[in-house]
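Below you'll find the structure, written out as structure tokens, and then a few comments.
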2 protein chains.
Amino acid sequence: MTKAADRKSLTELEGAALAIIAREGPLTPYAVKEAFRNSPSEFWSGSAGAVYPLINRLEKRKLISAKADKGDGRARREFSITAAGRTAMKEWLVDAERAAGMGFDPLRTRLFFSELITPAERKAFIAAALARMEDGAPAPAVDLPHVKPLHDLWSRLRVKALKAFAEKMK
Amino acid sequence: MTKAADRKSLTELEGAALAIIAREGPLTPYAVKEAFRNSPSEFWSGSAGAVYPLINRLEKRKLISAKADKGDGRARREFSITAAGRTAMKEWLVDAERAAGMGFDPLRTRLFFSELITPAERKAFIAAALARMEDGAPAPAVDLPHVKPLHDLWSRLRVKALKAFAEKMK
DNA sequence: ACCCACATGTAATGGGTTACATGATTTA
DNA sequence: TAAATCATGTAACCCATTACATGTGGGT
């Protein structure tokens, strides 16, 4: 019998944390936190209050496990993904249903309501947003395989979408 | 002197709720809840436990106000946006800084980690995601001005992005 | 020695989700 | 009139954010 906690599917945060640990090998909680902090999306805040408890939850569910402390002074625990963790992670990763969902885009949300401002205000807003989106992406700090290309791809498409929308509003 | 609560800028949920009320004229809390529930993005769950307290908060902050109950039996309160609400809403709506943020995309998140599965698994995942994304959008239930076109535009671009990524992985 | 970045947490708070409760209105 | 849906809420729970506390290690 599997316990209820084991059956519950992973949240996005849990899945991403597992994936990071799976990819980067043994990691300290701090390293996981930094990985989130350096993500190009503001969605992943990587706050201590989120990540440390998260790591503890994952350990309690035996999806990750810590190598014995090296005992060299400070308490550092390096976590690796377990077999069960790998299974759960893969299940999360190939969830096409969730992947297909639209997610959340603060730009799209605002464009939905763009008729509530005057054409002049709209024009100014679009120009300001474009400026921030186009000028050099702040160079995602993580240098993991797909991070930069994917970030750039998504950025370009959002710019294109905004321009298309602006064009149609003219 | 403005009170702290007034100075605090709106969350996405608060901003969107205000915008809905601004656009749709006097609305009951239930109608606002349904507007969120019918949104094409799973991000806006429109649960009762989120919306009713939200409406109360907005009223307490005097960003919306209820017309006197019509007294016809059941307690129905119809809320309209106030002048202060309109100001706060516009400030939220033209916030280009936040609009430019990448937001959250469950597809993008998974593609970041797509090297953790085998090429065959990846191919299957991409096909499954594409199928769900391309087959007729479940027709957004709300028929507000930009909802459908924007939803379609974003959908098409996400499909294009996924195809581009799949191509590059070959 | 001193400062700053590294590293690991916890407490208070806020707010969203799920599930439940309750009554009114509509429809079969 | 019984069932379904409309409509409004509330309570328990979960979890992320902010802010704080604490200690280590390396550089100057």
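All chains are named by letter (A, B, ...) in the order of the sequence lines, taking the proteins before the strands, and each is independently numbered beginning at 1.
- Partners of P26(B) under the side-chain contact (heavy atoms from CB on, under 4.5 Å) rule, at least two apart in sequence or in another chain, are K67(B), E78(B), S80(B).
- In this structure, the CD1 atom of I55(A) is 15 Å from the C1' atom of dC15(D), given to the nearest Å.
- Between E42(B) atom CD and dT18(C) atom P the separation is 13 Å, expressed in whole Å.
- Taking 4.0 Å as the cut-off between side-chain N and carboxylate O, R110(B) and E12(A) count as a salt-bridged pair.
- In this structure, the side-chain contact (heavy atoms from CB on, under 4.5 Å) partners of E97(A), at least two apart in sequence or on a different chain, are D95(A), R132(B).
- Identified under the salt bridge (charged side-chain N to carboxylate O under 4.0 Å, His left out) test for residues 117-129 of chain B, with sequence neighbours left out: K90(A)-E121(B).
- Of the side-chain N and O atoms in R57(A), one or more sit less than 4.0 angstrom from OP1 or OP2 of dA16(D).
- Contacts with DNA chain C (heavy atom under 4.0 Å) in residues 10-24 of chain B: L13(B), listed by number.
- Residue S45(A) places at least one side-chain N or O closer than 4.0 Å to OP1 or OP2 of dT17(D).
- Rounded to whole Å, the distance from CZ on R37(B) to C1' on dT18(C) is 14 Å.
- The existence of a salt bridge linking K148(A) and D152(A) is confirmed by a sub-4.0 Å separation between a basic side-chain nitrogen and an acidic carboxylate oxygen.
- Taking atom CG of L58(A) as the reference point, atom P of dC14(D) lies 16 Å away to the nearest angstrom.
- Screening residues 17-36 of chain A for ring-ring contact (aromatic ring centres under 6.0 Å, His included), with sequence neighbours left out, gives F36(A)-W44(A).
- For A50(B), the side-chain contact (heavy atoms from CB on, under 4.5 Å) partners at least two apart in sequence or on another chain are S47(B).
- Residue N56(A) contributes atom CG, which lies 14 Å from atom C1' of dA7(C) at whole-angstrom precision.
- Rounded to an integer number of Å, the gap from CZ of F104(A) to P of dA16(D) is 17 Å.
- At dT18(C), none of the side-chain N or O atoms of S47(B) fall inside 4.0 Å of OP1 or OP2 (strictly under the cut-off).
- Atoms OH (Y52(A)) and P (dT22(D)) sit 17 Å apart, rounded to a whole Å.
- Put simply, Y30(B) has no side-chain N or O that comes within less than 4.0 Å of OP1 or OP2 on dT8(D).
- Listed pair R77(B) / dG9(D) fails the phosphate criterion, with no side-chain N or O lying under 4.0 Å from OP1 or OP2.
- Atom CG in L54(A) sits about 14 Å away from atom C1' in dT17(D), given to the nearest Å.
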